[in-house]
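Values in this document were obtained by computation on a predicted structure and should not be read as measured data.
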Amino acid sequence: MAVLGLKSYILDNNWKSVVLLAGFPVLLTGAAYGVQLVLMGLGYLPSTSTLDGDFALSFRMLAAGAPLAFLVAGIWFAIAYWGEGSIIAAATGAQPVTRQDEPALYNLLENLCISRGMPTPSIRIVEDEALNAYASGLNPKQQCVTVTRGLLKALQPEELEAVLGHELTHIINRDTRLMVICAVFAGIISLIAQSLYRALLYGGGRRRDDRKGNAGFILFAVGAVLIVVGYGLSVVIRFALSRKREYMADAGSVELTKNPDAMIRALAKIKDHAELDAPGQVTPLFIEHRGRGLAGLFDSHPPIDDRIAALVKYAGGRVEAQEPPTTGVPVTE
Amino acid sequence: MISLIVIAVIVVVVLLMVIGAYNRLVALRQNANQAFADIDVQLKQRQDLIPNLVETVKGYAVHERGTLEAVVAARNAAAVATGTAEKAAAEGALGGALRGVLALAEAYPDLKANASFVALQAELADIENKLAAARRFFNNAVGDYNGSIQAFPAVLFAGSMGFKPREFFDVGEAPRATLQDAPAVKF
């Protein structure tokens, strides 16, 4: 459907996210099928006399195999759900701040929250000169927006508001939860792939029974290919989703602040200054993070220039308006 | 049997597409309405500041009755204006009259130094900025909505389901040049 302005752009991205997200259960089911084939090929699972029969049997076994895979995913997610916030804070060294410590920052965030009728998340600051920010917290009580000290120093209030709007949109859109779901699905499929690798190194073929040798090998190979392809796709989907959500958070920020120019200026300032030390699990949540290589397929964030171009195209932003208009209004610090 | 199933699937898919397109139009219309309400909030605030402004200026600029009466008249007209075009026109006129009042400060140094005048000036400038932003956002939302009801497949049913195109918030050619680069209020 036609994407003409900010709102239809957001709706469009949301729809694409749903399609991408729907890919995960398909991949997990495919991987479970692959695991059964491998186990059958190695002789751990009962098999029939013909190859076709084996494929059909494995398909019927999915009735048990797929629910098992999803159960594991559910348990994994539950663990992540309760522990996530504190793990990330520990990883980046973020310190909670109160309204008294940073009244200007607090007011900016609170005003945005009031306009959407939502509780104000807590605020944390990372004492680092890098320009970055992230949202975290899977349940409402843990919701938190974290910014770096460098960001507070380098950005004008309007630009800081745009960044806070970006993070707030991640919270409104429940992107933190979405990213954990992605991490869990990709994590399980990666675990399966690693197990396969180990099976190949240590156990592969040893139990394969000579009576059906060739058939066993074919089953094993087909299963292995399924798992490897599923693993690759799960990683690609995960990062594609992450990039979609970044575009949406930029657009959502403009929806909150009504100021595409400030978002553009903030992104331009953050560009090339966002490098903040953190483990790989955390970086997809940042406002900006550069991955490396492979034509952006494995990047959690779209290039800043593309994000600015999207804001110009759909949100009516102006790149030329580099300096904020002088208002004559004293900036409340 | 098979052909029956195929037809049923096609019908369901088409139905889902129509529902999706309809819901999208509703969301876009609601978005435009909300954006207009955001403009309204700022306009109302500006109108509420004008009696204070007139009261403050009156004491200093005794010979400027005409300018003050003009802004009060423009304010009263803006307060009763309804509809996008009428509101935009009334607000454009009010903005012009306001600039006239604020320009008086140049001729009356005492007024320029008055603390409450300075505060009002700052508040009006702030509102002017927010208005400019809200107006841009609204016009983006209207462009989005108007374009979507004219795009296929929505164009087939949008009109009959009551999705009418909205007017842009057009403040007229003259003030727009200044409004684009907020603030319009210069000191």
Between B:Arg29 and B:Ile149, is there a side-chain heavy-atom distance shorter than 4.5 Å?
no
Do A:Thr146 and A:Ile123 come close enough that some side-chain heavy atom pair is under 4.5 Å?
no
Measure distances from B:Ala141 to the heavy atoms of chain A and classify the residue's part below 4.5 Å as side chain, backbone, both or neither.
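For B:Ala141, neither part sits under 4.5 Å from chain A.
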Counting only heavy atoms closer than 4.5 Å, note whether B:Asn146 contacts chain A via side chain, backbone, both or neither.
neither
Sort and list the pairs that fulfil ring-ring contact (aromatic ring centres under 6.0 Å, His included) and have at least one residue in residues 153-179 of chain A, not counting sequence neighbours.
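ring-ring contact (aromatic ring centres under 6.0 Å, His included) check on residues 153-179 of chain A returns A:His166-A:His170.
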What residue pairs, at least two apart or across chains, pass salt bridge (charged side-chain N to carboxylate O under 4.0 Å, His left out) with a residue in residues 68-87 of chain B?
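Residue pairs passing salt bridge (charged side-chain N to carboxylate O under 4.0 Å, His left out), neighbours aside: B:Asp40-B:Lys87.
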Pairs of heavy atoms under 4.5 Å with chain B: top-ranked of A:Val254, A:Leu11, A:Leu4, A:Asn259:
A:Leu4
Of the listed residues (B:Val142, B:Asp38, B:Asp144), which shares the most heavy-atom pairs with chain A below a 4.5 Å separation?
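Ranked by heavy-atom pairs under 4.5 Å with chain A, first place is B:Asp144.
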